[in-house]
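To keep things clear, I will list the structure first and then write my remarks on it.
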Protein chains: 2
Amino acid sequence: MTWSDYDSRSCSIARTAEILGDRWAVLVVRDLFNGVRRFDALQDHLGVARDVLAKRLAMLVDEGLVAKRPIALAGQRARHEYVLTDAGRELRTVLVAIMDWGDRHRSGADGPPMQIRHRDCGETVHAHLVCDAGHQIGTDARTELVPLAGARLRQA
Amino acid sequence: MTWSDYDSRSCSIARTAEILGDRWAVLVVRDLFNGVRRFDALQDHLGVARDVLAKRLAMLVDEGLVAKRPIALAGQRARHEYVLTDAGRELRTVLVAIMDWGDRHRSGADGPPMQIRHRDCGETVHAHLVCDAGHQIGTDARTELVPLAGARLRQA
DNA sequence: CCTCTGAGTTTGGATTACAGACTCAGATGC
DNA sequence: GCATCTGAGTCTGTAATCCAAACTCAGAGG
């Protein structure tokens, strides 16, 4: 049983990529993290076509990463806003890992565009690989992939 | 200067999503990590259309994440294989973060399909957010986004 | 009544994805 | 020598997406 014998699609990476494997989905989640909540604000900041944004938001709501909430501003008719659910907020590690990579490999001459700071201590936040025994996992660390009960062999 | 005043595209997440913001690109990198190296093997395992795979591989080579190497098997004509470059291998944190999320939120009744183990100690590997002072950053931790020299304001 | 705004939906054309057939070159079999 | 096989794509025609711009719709303001 080698890696290739397992079904490519019943893999947590494949399942997540089904949702986030789209430029706009990632950027919508990023903007939601950064406090952009309304349709027009997202559309304006991202520059995405309006129908595509509508479709992505509907998908993200459908997948439970985003909630569409009514918002009643004083003396105005009902609006709504989009906010991340708990599941959506748990993507933070993914976004930071993506940002770390971009900072290292796609920064311009002026260096990285933004930094995430831990308010309590002022230090920069990064994503790291760690094993449950607390060892840092560098690019050189030896790891192995072990199939669990949820693994599925591919159909012949 | 709020988040929305900065150019959405000159952001490390946007730049990385330009490359990985595609279902197949992510899965190709995942399979390369897992030792699948040849065109037909990738095509067969992923089930992607051949022209799309060719295009994604060319893009990944172009972006410096993947190298196309000649490989001379004894008594056979020259073949080649695709391998991750150092930059490509540094995506491991991203992939593990994506996998962690999928494990938590998209596992079936049987639980997660795979587990990454640290060979030295046998414990599971996960992606975590940590600040440079060593504090764990949970979903509740307060962080702030600070623009650096590489930040670009958007054109009006 | 006219206009404005937020949040989409519709439309028509340009891209991209997809599955399957086709190509090409070098090895292999007879 | 000729037909066959194999790896690694490329080509083709159709289906699905993307895109930008225009349009819709409902409620608030003037």
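All of these numbers come straight from a predicted model, not from anything done at the bench. Lettering follows sequence order; numbering is per chain, from 1.
- Taking atom CG of residue A/Asp40 and atom P of nucleotide C/dT9, one finds them 13 Å apart after rounding to whole Å.
- Screening A/Asp62, A/Leu60, A/Leu91 against A/Ile19 for a side-chain contact (heavy atoms from CB on, under 4.5 Å) leaves a single residue, A/Leu60.
- A heavy-atom distance below 4.0 Å to DNA chain C is reached by these residues of residues 61-70 of chain A, ordered by number: A/Lys68.
- Each side-chain hydrogen bond (donor to acceptor under 3.5 Å, both in side chains) pair with one or both residues in residues 93-104 of chain B, not counting sequence neighbours, appears once here: A/Ser12-B/Asp103, A/Glu90-B/Arg104, B/Asp100-B/His126.
- B/Glu144 is linked by a side-chain contact (heavy atoms from CB on, under 4.5 Å) to A/Arg117, A/Arg119, B/Val146, counting only residues two or more places apart in sequence or in another chain.
- The separation between B/Leu57 atom CG and D/dT10 atom C1' is 14 Å, rounded to whole Å.
- Inter-residue side-chain proximity for A/Arg15 and B/His105 is flagged as unmet; no heavy-atom pair is nearer than 4.5 Å.
- A/Leu53 places its CG atom 16 Å from the C1' atom of D/dA21, with the value rounded to the nearest Å.
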*asked:* At under 4.0 Å between heavy atoms, how does the protein contact nucleotides 16-22 of chain C? Give one character per nucleotide, 5' to 3', with B, S or -.
replied: -SBB-B-

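- For A/Tyr82, no side-chain nitrogen or oxygen approaches OP1 or OP2 of C/dG6 to under 4.0 Å.
- By the side chain to side chain donor-acceptor pair (under 3.5 Å) test, B/His128 is found to be paired with no residue, residues two or more places apart in sequence or in another chain being considered.
- Tracing side-chain contacts under 4.5 Å through hydrophobic residues (I, L, V, M, F, W, Y), one reaches B/Val52 starting from B/Leu32; they form part of the same cluster.
- Hydrophobic clustering, with ILVMFWY side chains joined whenever heavy atoms are under 4.5 angstrom apart, groups A/Leu42 together with B/Tyr6.
- Applying the salt bridge (charged side-chain N to carboxylate O under 4.0 Å, His left out) criterion to B/Arg23, with sequence neighbours excluded, gives A/Glu18.
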